[in-house]
Protein chains: 2
Amino acid sequence: MAEQQLPPVVARMWGRENSPRHGPRPSLDLAGIVAAAIRIADRDGLEGVTMGSVANQVGVATMSLYRYVGSKDELLIIMADAATPEPPSIDGRPWRDYLTDWTRANRDFLLDRPWVLALGQHTPPAGPRALRWLDRALAALADTGLDHGARINIATTLTGYATRQAALAHALNGAAGRGAADQIGGLTGYGEILGQVLDPDRYPELTAAVRANAFGAEPEWVDDADFTFGLDLLLDGIETLIARGRG
Amino acid sequence: MAEQQLPPVVARMWGRENSPRHGPRPSLDLAGIVAAAIRIADRDGLEGVTMGSVANQVGVATMSLYRYVGSKDELLIIMADAATPEPPSIDGRPWRDYLTDWTRANRDFLLDRPWVLALGQHTPPAGPRALRWLDRALAALADTGLDHGARINIATTLTGYATRQAALAHALNGAAGRGAADQIGGLTGYGEILGQVLDPDRYPELTAAVRANAFGAEPEWVDDADFTFGLDLLLDGIETLIARGRG
DNA sequence: ACCTGAACACCGTTCAAGT
DNA sequence: ACCTGAACACCGTTCAAGT
């Protein structure tokens with residue numbers, strides 16, 4: 001009975017549609033459609049993903065897709081989860097080692113598939129893959145004495161960090177993009193743009209930062225050293241918290 | 001000469017288009033168009049914002065807008081910046097006090113205008129308002145002995161945290177939405193959904209968390225206590241860093 | 001029960017014509 | 001130099017008709 005009140009998207013992500021199954025066998029399945037859509041997104045970005053292009057890729061009429069997904073929005077949500085890899089495995093490592101790896105893998109996956117970034121994180125994790133990541137982070141923190149709420153919070157904060165970092169790196173490196181957003185980051189040099197536009201009276205600190213070349217000509221300020229820097233900030237905070245709980 | 005190579009969006013955000021100015025006076029200006037678009041987004045969300053609806057709101061034909069913006073994408077980027085308030089003022093407060101306030105104000109603004117979340121953070125900050133926020137964060141950290149790179153990094157991490165927190169809170173509270181994404185968060189009870197869907201063997205830790213009621217029936221786990229919790233994690237990390245630099 | 005052709009409503013953008 | 005009507009290409013979605 002409870003099954004019935006699952007939101008349709010969630011039900012579909014977990015293969016829980018009630019499928020009556022008589023009459024002609026379906027010539028497709030959701031997984032095939034989603035895989036095709038992911039292939040298109042990997043090749044052409046998110047704006048290449050069209051109900052038409054997906055149907056075409058799968059060899060079917062556009063309207064047939066509506067037998068398998070409620071709407072394009074639904075398809076996008078399901079795609080984002082299906083495109084997420086498995087989290088790294090723990091192998092008995094201490095929590096700090098593992099979560100460093102976990103967060104970096106999270107960022108790397110988003111750099112590989114930047115279109116997942118564009119899909120936004122407006123949805124609490126609800127797909128099988130997203131929840132695996134959450135589960136693994138909780139497992140890594142199992143022996144720290146932190147309660148479930150704190151552990152969930154930490155995992156959330158770390159994904160947030162990975163997401164932000166990936167978005168920034170992508171924006172600054174992404175000379176490839178066609179959209180208006182991509183004009184800002186690309187080859188032109190972010191620091192130079194700021195230098196041209198800032199009034200030193202209203203933006204004194206930023207002006208100083210630009211003059212100190214804090215935004216190098218190359219987008220080095222979002223490279224791996226910076227990633228580690230911010231991550232260690234977070235992990236130090238977590239370590240403090242654990243010590244406090246024990247002390 | 002340098003002015004010329006500003007990306008068009010940036011030039012427009014800072015009022016730097018080269019305006020030849022003869023012939024009939026324009027009956028509109030960018031600011032008016034952007035204000036109208038923001039009004040629509042506040043009322044109807046982002047999907048209410050259409051070149052047609054904006055033009056209508058401003059009393060002009062749809063195509064006239066293309067005299068003022070290069071594309072709809074550009075308009076959205078400019079909107080996001082224009083809708084950002086001024087950052088809180090420092091008033092000589094110590095960095096930790098101020099950055100706490102700064103981060104919370106950042107989140108609150110995004111909760112007020114959730115459509116800015118949907119616009120994504122795929123662009124490095126380039127508008128007058130976004131850069132004011134960055135400048136103020138740098139100012140707060142001026143006396144800490146951290147270099148520009150570190151200070152920029154910290155500001156970035158804190159905005160990332162505010163964004164993530166706002167996105168999550170909005171998703172979990174947002175029974176109001178129409179999209180497929182909003183079905184997951186709303187009234188149904190996020191914890192209940194997880195409970196129905198999780199296989200305890202593959203998701204042992206999450207299952208335990210759900211049983212421990214870590215995702216209360218009310219979405220209390222993204223409330224203010226949680227916000228402060230994660231933020232303090234970050235600030236503790238920063239404090240450690242500053243102390244290390246001085247020691 | 002599934003697939004599909006035709007059709008609808010809508011939307012971003014271009015262009016040539018007006019003043 | 002600005003505004004606009006007409007038109008184009010495209011897209012998500014519905015529905016009734018086919019098998």
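Below, chains carry the letters A, B, ... as their sequence lines are ordered, and counting in each starts from 1.
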Strand DNA chain D in bracket notation, Watson-Crick/G-U under 3.5 Å with | for pairs to another chain: ||.|||||...|||||.||

Phosphate OP1/OP2 of C:dC3: any A:Tyr68 side-chain N/O under 4.0 Å: yes

Whether B:Asp81 side chain and B:Ala130 backbone form a donor-acceptor pair below 3.5 Å: yes

B:Met51 CE - D:dC3 P separation (whole Å): 14 Å

Listed partners of B:Arg136 passing side chain to side chain donor-acceptor pair (under 3.5 Å), at least two apart: none

For B:Arg129, all residues meeting side chain to side chain donor-acceptor pair (under 3.5 Å), sequence neighbours excluded: none

Integer-rounded Å distance: D:dC11 C1' and A:Asp73 CG: 14 Å

Counterpart residues, side chain to side chain donor-acceptor pair (under 3.5 Å), relative to B:Arg104 (two or more places apart): B:Asp224

Any pair counted as side chain to side chain donor-acceptor pair (under 3.5 Å), so long as it reaches residues 28-42 of chain A, sequence neighbours left out: A:Arg39-A:Gln57, A:Asp42-A:Arg113, A:Asp42-A:Trp115

For B:Tyr203, all residues meeting ring pair (Phe, Tyr, Trp, His ring centres under 6.0 Å), sequence neighbours excluded: A:Trp14

Salt bridge (Lys or Arg N to Asp or Glu O under 4.0 Å) against B:Arg211, all qualifying residues, sequence neighbours excluded: none

Nucleic acid contacts - residues 60-67 of chain B versus DNA chain D, non-hydrogen atoms under 4.0 Å: B:Val60, B:Ala61, B:Met63, B:Ser64, B:Arg67

Between C:dC3 (C1') and A:Ile33 (CD1): distance, integer Å: 12 Å

Whole-Å gap separating P (C:dC10) and CD (B:Glu47): 14 Å

Sequence-distant partners of B:Arg202, side chain to side chain donor-acceptor pair (under 3.5 Å), two or more places apart: A:Glu86

Value in whole Å for how far the P atom of D:dG12 lies from CG of A:Asn56: 13 Å

Nucleotide C:dA1, atom C1' - distance to CG of A:Asp29 in whole Å: 16 Å

